[in-house]
Amino acid sequence: MVLKLNKKKALKEMTKRHFVTYTNPGSEIAEQYRTIRTNIQFSSIDEKYKTMIITSPSSSEGKTTAAINLAISISQQGERVLLIDANLRKPKLHFSFNLKDYHGLTDVLIGRVGLEEAIFQTQIGKLDLLTSGIIPSNPTEIIGSEAMKFLLKDIKEEYDTVIFDSPPVLETTDTKLLAGLCDGVVMVVKSGKTDREKIVEANRLLKLVRAKVLGVILNERS
Ligand SMILES: Nc1ncnc2c1ncn2[C@@H]1O[C@H](COP(=O)(O)OP(=O)(O)O)[C@@H](O)[C@H]1O
Ligand SMILES: [Mg+2]
């Protein structure tokens, strides 16, 4: 029983941290996300970076947290933003938004449901969410499919900005495939923890698919 309560509390804390730009827009962290947002927007004066993937060399470096907060921060400017959980191995966004068994990306890609049916309107500005959907046995094929390219084309017509949460670059091929389809990549690294060599290798792999690394978020963990 005690364990259950603690778990519940931990979950609440985690969700709070994930949504800090929404729950505490005056905080220093929210301000930092606004700076990141501005930097991205300034670096894309000539061509708008409409589709962005948030990734990191390894796991637990803050990708999901950064994806959520960046999406919220951009939506706070009045943009129509779609946040997509493209981590088909360890999806987390349905969990952060408290959604159970929600249709998602994989369901749309295999034609089980239409895009409109799968999209969840978060009520945070114009931020919509597309969860991962059922975890497939062949995530790389799904991400690299023609259906994914067509879907992205449709989505780009409906939204101003599309943000993908993703698996670590060094652990899967999915991220590289997706990075090749997106306008830009935002890399998250854990301050003082992520090895330099891993950052260099992740960058090299992303360059191979001609991905444009827009910037690096140095995630400080206290
Ligand atoms: N700046 C931070 N300070 C404290 N905890 C953080 C911070 N960034 C992420 N976390 C926590 O670290 C864990 C992993 O973060 P997450 O965003 O899920 O990483 P990833 O998606 O890279 O696996 C989560 O529990 C998250 O709440
Ligand atoms: Mg994650």
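Atoms within a ligand are numbered from 1 in the order they appear, just like the ligands themselves.
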Any N/O of [X] closer than 3.5 Å to an N/O of ligand 1?
| X | answer |
| --- | --- |
| E61 | yes |
| S60 | yes |
| G62 | yes |

Subject >> From NE2 (H94) to CG (L129), nearest 0.5 Å >> reply: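 Answer rounded to 0.5 Å: 10.5 Å.
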Original post:
How many angstroms lie between CD1 in I84 and CD1 in I155, if you round to the nearest 0.5 Å?
Top reply: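 So the CD1 of I84 and the CD1 of I155 are separated by 4.0 Å.
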Original post:
Do the ring centers of F97 and F19 come within less than 6.0 Å of each other?
Top reply: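 Yes - the distance between ring centres of F97 and F19 falls below the 6.0 Å cut-off.
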Original post:
Side chain or backbone of N219 under 4.0 Å from ligand 1, or both, or neither, by non-hydrogen atoms?
Top reply: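 The answer is the side chain of N219.
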Original post:
Mind checking what makes salt bridge (charged side-chain N to carboxylate O under 4.0 Å, His left out) contact with E146, not counting sequence neighbours?
Top reply: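 So E146 forms a salt bridge (charged side-chain N to carboxylate O under 4.0 Å, His left out) with K149.
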Does either side chain, that of [X] or that of [Y], offer a donor lying less than 3.5 Å from an acceptor on the other one?
| X | Y | answer |
| --- | --- | --- |
| T140 | D174 | yes |
| D85 | S132 | no |
| T55 | S166 | yes |

Original post:
With atoms numbered from 1 as shown, which atoms in ligand 1 lie under 4.0 angstrom from a non-hydrogen atom of T65?
Top reply: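 With T65 as reference, the close atoms of ligand 1 come out as 9 (C), 15 (O), 16 (P), 17 (O), 26 (C).
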Subject >> The one among K63, K190, H18 that brings a heavy atom closest to atom 22 (O) of ligand 1 >> reply: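 When every heavy atom of K63, K190, H18 is considered, K63 comes closest to atom 22 (O) of ligand 1.
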Original post:
So which of D183, V162, T161 actually passes side chain to side chain contact (heavy atoms under 4.5 Å, CB included) with Y49?
Top reply: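 The single option meeting the side chain to side chain contact (heavy atoms under 4.5 Å, CB included) with Y49 is D183.
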**OP:** Return yes when atom NZ of K198 has more than 12 non-hydrogen atoms of other residues, nucleotides or ligands closer than 6.0 Å, and no otherwise.
**Re:**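 Open: at most 12 neighbouring heavy atoms sit under 6.0 Å from NZ of K198.
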Original post:
Counting only protein atoms, how many N/O/S atoms are less than 2.8 Å away from the Mg ion (ligand 2)?
Top reply: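 Protein heteroatoms (N, O, S) closer than 2.8 Å to the Mg ion (ligand 2) number 1.
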